[in-house]
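As structure tokens, the structure follows; a few thoughts come after it.
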Amino acid sequence: MPLQLWISVVELSCFAGLIALGFFLVLRGADLFMFALGPLAMFGAMFGAYMVSRNGWPVALAVVVGVVIASGLSVASELLVVRPIHRRTGGEENPSIVAIVAVLFLLEQLAGTLFGRRPLPGSALWRDSFTVGGAVISGQAILLVAVCLLAFGGVAWWLRGSATGRMLRAVGDNERAAAILGIPVAKVRMVAFAMAGALAGIAGALFATKGGVTFTSGLQWTLVGFLAVIVGGLGSVWAPLVGAVIVALLQTWTVYKFGQAMEDYVTFAVAFLFFALRPKGIFQTKVRI
Amino acid sequence: MTTDGAASGVRDTGEVLLSCVDVGKSYGGVRAVRDVSLEVRAGEIVGLVGPNGAGKTTLVDVITGQQQANTGDIRIGAIEMTGSPSRRARLAGFSRTFQHPQLALDMTVRENILIGGVGERFGSPWRIFGQAVAGAFHPGTKALDRRIAELANDLGIHGLHREVADLTLGEQRMVEVARALLRRPRVLLLDEPFAGGDPRGVSGMTNALSRIVEQGCAVLVVDHNVDIVASLVDRLVLMDQGAVAFQGTPAQALASAQMRAVYFGGTAG
Amino acid sequence: MTESTKKPPIQSEPAVPAGRGGPAALVLLLRRHRWSAEVVVTLAAAALLVAYGSGPSFRQDYVVLICTYGLLALGMYVPYIMSGSLSLAYNAYLGIGAYACALISTKAGWSSLWGVPIGMVLSAAIAVLLGLATRKLTGFYLAGVTLLFGVAFQVFLLDRVSITGGAMGMTVARPELFGQSIKRYQIMVVGVVLVWVVGILLARLRQSPYGVVVRLRKDVPQVVEASGISAGNTGIVSLAIGAAIGSLGGSLFGMMGGVAQPESFGLHIIFLAIFMPLLGGQRSPWGAVLGALIVVVFTFELDLVEDTGTLIFAIAILLVLRLAPEGLLGLVGKGWQRFCRRLGVSGHDDRGVR
Amino acid sequence: MSRYPMRTTAGWIAIAAAAGLLLSGCGSDDNAGGAGGDDIVLGMITDTSGGASAYAPYTTVGIQLAVDEINAAGGVDGKQLKVITENDGSDTTQTPTLTRRLLENGADVILMNSGSASAISGRTVCVEENVLCVAPTNLSADIVKAPGNENIYILGPTSEGIGESFAAGMSKAGYKKLAVIADDVPTIQGYVPALVGAITDAGIKEVAQEKIAADASDVSAQIARVKAAGPDVVLVMSLGGQTEALVQNALHQQLPDVQRFSLASIGNQPTTWDLADKGALEGLVYVGSIDPGNERTTEFADKLAKKGGDHSELTAYGVQGYDSVYLVKEALTKAGSADDKAKLNETFQQISGYQPHYGQKDFTLSYGKDKHVGSDGNCGLVLATFGADNKPGDPWPVYQPSC
């Protein structure tokens with residue numbers, strides 16, 4: 001593969017990795033697949049793009065506010081939708097999925113109504129680009145990689161080193177047991193949602209400069225992150241990133257080798273194979289009791 | 001409380017319907033069940049007692065096929081059950097209730113009982129499909145409904161069309177018993193049938209049990225409360241730390257040193 | 001309040017309370033003949049729908065769209081509402097139904113009606129294969145992988161031009177029966193009848209042993225297993241039934257529109273499929289049909305301010321999930337119970353089976 | 001029956017309520033149907049939220065301009081024109097229903113101002129109701145392909161015409177190996193075979209054909225494939241916007257020496273120009289329908305500018321919307337009234353030699369029983385180039401389509 005494609009792989013890996021890290025946190029902290037993270041990333045990015053292009057906000061301000069909004073919406077959906085329904089149904093899975101899908105759908109439609117249904121261009125924080133060996137690397141890509149590594153390192157440190165981080169793992173493993181042990185389950189869940197939302201917001205804002213953002217981008221982004229988690233597993237904080245790299249590599253290579261249409265077939269085939277053969281991903285969690 | 005297993009001598013002639021021989025189950029290094037052997041004969045009620053953590057639940061799971069034993073041999077009647085999934089146990093004539101009643105709360109009493117009697121109609125994917133097609137045109141539950149009504153009457157269950165959510169815990173346990181009895185099992189396992197029940201529920205359960213055994217069913221009652229069980233069963237099996245600590249009539253058991261050791265600690269006297 | 005006063009065991013059916021003859025007697029009568037009442041009332045509703053569709057010709061499309069979405073929602077009813085398997089590949093099943101009719105009429109030259117059974121069998125077969133491969137998955141993972149399948153299916157429609165006609169789709173020939181081509185109005189009537197028949201059959205299915213087993217599978221799968229029934233196989237059969245019903249809806253839609261296009265079978269179909277039964281109410285298949293009716297009204301009538309129809313729909317979904325989890329029929333049911341209580345009779349049927 | 005209890009206590013009540021709702025809907029619909037009997041009603045399917053919303057508003061402005069003009073001049077036979085609209089969001093499941101609803105609300109003529117797929121989905125209605133339908137901006141010849149084309153017309157030139165013009169131009173410039181990059185939107189994918197077919201028929205070899213997901217954020221893999229195929233000319237087909245910019249930027253970067261062609265969408269969308277990197281569009285040839293030398297076009301542009309407001313920039317979409325109304329007016333005048341829909345369809349087929357406000361000077365539109373594409377030749381097209389400032393500039397000196 002040409003060097004330019006490797007750069008694309010790195011960018012896509014970091015983006016998918018950040019979304020997947022969000023999934024990882026909510027899965028660990030609340031045992032839920034927060035499918036709405038993609039649309040949250042979209043919402044933050046669309047907000048930023050809209051403010052920059054229509055209202056002339058400085059890019060940095062738009063990005064920061066976008067991230068805050070994504071995080072806030074994530075917490076709001078936990079407080080107003082997911083948790084009440086989770087509680088009412090005694091933690092049954094299907095109602096929670098439907099609630100999250102409803103949030104996903106609402107975010108899409110809300111963004112479409114507020115920011116328009118046409119693609120908006122993302123604005124770069126770092127506009128320079130560099131040519132290395134015939135390939136072009138944008139400053140934004142470097143920023144994305146840096147933020148990605150920082151986020152993974154930070155979350156790994158936080159999970160191991162802080163009290164809340166350790167509680168997060170306990171809650172996801174067994175919410176009832178954690179509650180009995182006196183862990184503030186509601187607070188821990190909220191922290192997980194807030195962090196996941198913020199990660200999604202950052203990912204969306206940084207990645208939107210590549211190809212713009214539409215109100216329907218969110219679902220695609222969710223699926224990319226979902227796949228990364230499926231392939232990587234939940235055994236380690238870094239597992240989603242490994243999964244993301246594999247998925248990005250495979251998708252880019254497939255398009256390079258066979259063209260666009262194959263991408264979705266291969267994507268489905270990978271998910272299918274992993275589910276059939278290795279449903280817990282490459283890095284599996286230890287047995288939970 | 002003293003109870004003499006008066007009828008036990010007569011019932012010993014019944015054929016062995018449930019037998020466990022040297023059953024063992026361990027998780028990693030922990031041996032939850034160690035070489036347990038027990039048998040229950042037709043027309044006999046056996047109590048399986050022991051404190052929490054004695055291995056009762058694991059043994060029950062192994063017998064019902066929800067977990068697989070590492071060693072030993074389990075038979076229902078003459079049929080070897082070791083390693084079979086739980087639905088095969090049912091087809092061999094084994095029924096059970098659950099420690100925490102497993103009922104769909106938003107469905108009616110009748111519906112929750114009904115499933116106990118239809119297992120053999122759903123034997124293969126094709127038969128399941130056939131049931132779906134048939135069910136859309138004709139309910140085909142006339143005979144079952146009659147039997148459910150009889151059972152409900154016997155067990156004192158009222159209001160078959162109430163939602164299970166509206167029942168007391170005692171009533172819910174009765175619904176589970178009705179479900180387990182609907183297809184006249186050969187072996188019935190009651191998992192903590194008295195936990196959380198009111199006194200009326202206990203007497204109802206006791207009456208129901210005596211009727212069931214009269215019909216030649218083998219019953220295994222699992223409970224940690226020795227007092228209630230002892231008044232009811234022909235034989236007691238006491239488990240402690242995964243192994244059988246004592247077997248005998250309730251009177252023997254209550255008088256035994258093992259029972260005291262297990263329940264009141266080694267130092268108690 | 002003690003346990004016993006809160007939940008009195010209801011002993012026997014009270015006679016009509018003295019002095020409240022009229023309405024209470026009517027309630028009792030209705031309750032005793034609930035099944036007949038259901039048949040009569042739904043039949044009347046179907047007749048109304050046909051009457052509505054007999055007006056200006058756009059209403060025929062309108063009614064057929066209600067029927068298409070109605071069948072889609074009914075397709076979700078058995079596997080999802082009753083059995084608890086959240087499989088999302090319903091855009092594929094709908095598409096298979098429509099494309100089967102298109103292919104059989106354009107490539108084989110047969111009447112497009114043949115596409116109906118072929119689509120149903122094909123959809124059911126795919127549902128079984130997907131179900132077998134994902135039988136160990138539940139919840140989020142099943143939802144995710146079936147969603148990916150839905151995406152791949154849409155790409156297939158766009159990409160395999162030689163089979164599917166690509167982006168512009170394929171025409172579906174006007175269906176013919178005994179050499180007579182079937183008119184739009186007739187298709188509409190057939191559509192309404194189909195929804196009614198499927199609705200009635202599912203209402204019966206729900207009460208049958210199969211329905212009981214499937215519904216118990218959702219909450220207490222171990223009981224299903226302990227009763228000698230394979231919970232996994234039961235679930236897969238329900239997926240196949242649902243897929244076949246969805247495909248039927250797709251065929252109806254394709255024959256009415258005369259064309260099968262990829263854009264009609266996008267991911268928005270999946271959202272509709274999940275939400276329609278919840279919106280209407282889960283206790284009855286008619287809830288799914290009601291949900292479909294609401295969706296069509298939302299998309300066509302509720303563009304109050306430009307393009308807000310779907311947004312209002314999305315908000316409505318969240319409100320229903322949050323405030324009225326039993327759906328609209330559930331709300332009506334609650335009102336009914338209150339009405340019955342005021343009359344002094346229980347709204348539930350408490351009689352034991354005699 | 002009592003053995004068969006339905007727990008859905010109130011199911012049927014709700015159904016009855018819903019039915020009642022429907023019935024009441026009946027009543028209100030009848031009232032809403034009262035479009036004034038004295039007006040001639042143009043029913044327009046448009047798209048303000050879906051894929052075609054990028055260009056449909058421009059067409060709408062053109063249509064409205066023509067309607068206002070005609071009404072100000074006394075209308076058609078003393079009757080005023082009136083436009084009623086329905087938005088299908090490019091959702092083809094809705095198009096037929098909405099088209100019928102327009103008819104129900106009194107539309108005498110249908111204007112299909114949405115995606116090509118919508119026009120195809122809606123055309124069965126045109127035939128069944130025997131009503132005149134015109135799709136002003138759609139290019140796909142599939143829309144008017146027999147059978148089932150009796151009542152629908154497009155202006156053209158079609159995608160085949162564009163293909164022929166490209167083919168002639170590329171041949172003249174001496175290109176041999178063509179690479180095609182198209183986004184996966186149905187409308188665009190529908191154009192691909194017609195366009196590419198015309199070019200390959202001219203003896204130019206297609207060495208690569210790549211698809212781009214409409215919401216793609218990365219096209220490097222496709223560009224790498226194109227590069228590996230070694231084309232000397234690249235044709236980009238998209239609805240414009242971010243996808244087009246992404247591809248043009250990458251091509252400019254990776255294959256700077258290869259000549260690029262593109263569709264009208266990029267020429268008509270100023271927002272896309274800003275998305276492209278500085279100078280990335282320079283030298284790009286696109287097929288447009290605007291010839292700065294056509295007096296009718298400049299006349300139209302002036303009127304549009306005078307009217308002002310959103311979407312009043314000069315685009316081919318606006319002109320085509322404008323012309324479609326005048327075409328309909330001509331048919332109406334000939335038919336004498338809008339009452340006889342079948343006759344209106346016939347008189348539309350008698351239109352001959354209409355001089356539209358787009359294309360080159362000699363370009364005309366004519367229709368007939370078997371001629372549902374108006375263009376009399378390809379001089380409705382203009383090949384133009386982009387300048388270094390990322391803005392459309394001079395006509396392409398190498399070749400211009402002729403009639």
Side-chain angles (χ1 to χ4, degrees), chain A residues 23 27 31-35 77 80-82 84-85 88-89 92-114 116-117 216 219-220 222-223 226-227 229-230 259-277 279-280, chain C residues 80-81 83-86 88-89 129-130 132-156 158-160 218-219 266-268 270-272 274-275 277-278 305-323 325:
Chain A
F23 284 142
L27 274 166
D31 201 19
L32 291 170
F33 227 116
M34 179 60 181
F35 284 136
S77 59
L80 299 177
V81 185
V82 180
I85 288 173
R88 187 187 73 221
T89 57
E92 242 184 272
E93 221 173 15
N94 278 358
S96 296
I97 300 172
V98 171
I100 288 173
V101 172
V103 170
L104 183 160
F105 186 61
L106 179 71
L107 284 173
E108 264 194 4
Q109 294 306 324
L110 197 62
T113 308
L114 292 179
R117 284 160 204 270
T216 49
L219 193 58
Q220 294 300 330
T222 286
L223 289 176
F226 173 74
L227 217 57
V229 171
I230 292 316
Q260 170 75 39
M262 280 304 286
E263 184 185 341
D264 291 282
Y265 302 148
V266 168
T267 302
F268 171 68
V270 167
F272 202 76
L273 281 178
F274 263 87
F275 277 131
L277 304 176
K280 291 204 169 138
Chain C
Y80 166 42
I81 301 293
S83 175
S85 313
L86 192 45
L88 298 182
L129 286 179
L130 261 180
L132 283 174
T134 57
R135 69 185 299 163
K136 290 206 179 118
L137 303 179
T138 53
F140 290 97
Y141 296 93
L142 182 63
V145 76
T146 47
L147 191 63
L148 284 171
F149 179 79
V151 174
F153 178 78
Q154 213 196 2
V155 170
F156 170 81
L158 278 171
D159 189 52
R160 295 290 108 186
K218 180 179 176 184
D219 290 339
L267 297 180
H268 63 283
I270 293 178
F271 287 121
L272 294 183
I274 310 175
F275 295 141
L278 299 183
V305 191
E306 219 162 80
D307 314 326
T308 50
T310 19
L311 178 63
I312 295 172
F313 177 59
I315 294 169
I317 287 297
L318 273 185
L319 288 179
V320 166
L321 286 180
R322 190 70 176 76
L323 305 175

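In what follows, chains are A, B, ... by sequence order, proteins preceding strands, each numbered from 1. None of these values were measured; they are calculated from a predicted model. Any value given below was found using the heavy atoms of this structure, including those in side chains, with hydrogens, waters and symmetry copies removed.
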Contacts of type side-chain hydrogen bond (donor to acceptor under 3.5 Å, both in side chains), residue A/Thr216, not counting sequence neighbours: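 Once residues adjacent in sequence are excluded, A/Thr216 has no partner under the side-chain hydrogen bond (donor to acceptor under 3.5 Å, both in side chains) criterion.
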Partner residues of A/Glu263 under the side-chain hydrogen bond (donor to acceptor under 3.5 Å, both in side chains) criterion, sequence neighbours left out: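 side-chain hydrogen bond (donor to acceptor under 3.5 Å, both in side chains) check on A/Glu263 returns A/Gln260.
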Shortest non-hydrogen separation from [X] to [Y] and the atoms involved:
| X | Y | answer |
| --- | --- | --- |
| A/Phe268 | C/Val145 | CE1-O, 3.7 Å |
| C/Gly84 | A/Asn94 | O-ND2, 2.7 Å |
| C/Arg322 | A/Arg88 | O-NH1, 3.8 Å |

Heavy-atom pairs under 4.5 Å with chain C, option from A/Ala99, A/Ala102, A/Ser96 with the top count: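 Sorted descending by pairs with chain C, the first entry is A/Ala102.
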Top contributor to chain C interface from A/Tyr265, A/Phe226, A/Phe35 [non-hydrogen pairs under 4.5 Å]: A/Tyr265
Using non-hydrogen atoms and a 4.5 Å limit, figure out which bit of [X] sits close to chain C: side chain, backbone, both or neither.
| X | result |
| --- | --- |
| A/Ile85 | side chain |
| A/Leu223 | side chain |
| A/Leu32 | both |
| A/Phe274 | neither |

Sub-4.5 Å side-chain heavy-atom contact between C/Ile274 and A/Phe105: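 No, their side chains stay 4.5 Å or more apart.
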Interface moiety of C/Phe149 toward chain A, non-hydrogen atoms closer than 4.5 Å: both
Distance in Å, C/Leu311 CG paired with A/Leu114 CG, rounded so as to fall on 0.5 Å steps: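 Between atom CG of C/Leu311 and atom CG of A/Leu114 there are 8.0 Å.
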Aromatic ring pairing C/Tyr141/A/Phe33, orientation class (parallel under 30°, perpendicular over 60°, tilted between): perpendicular
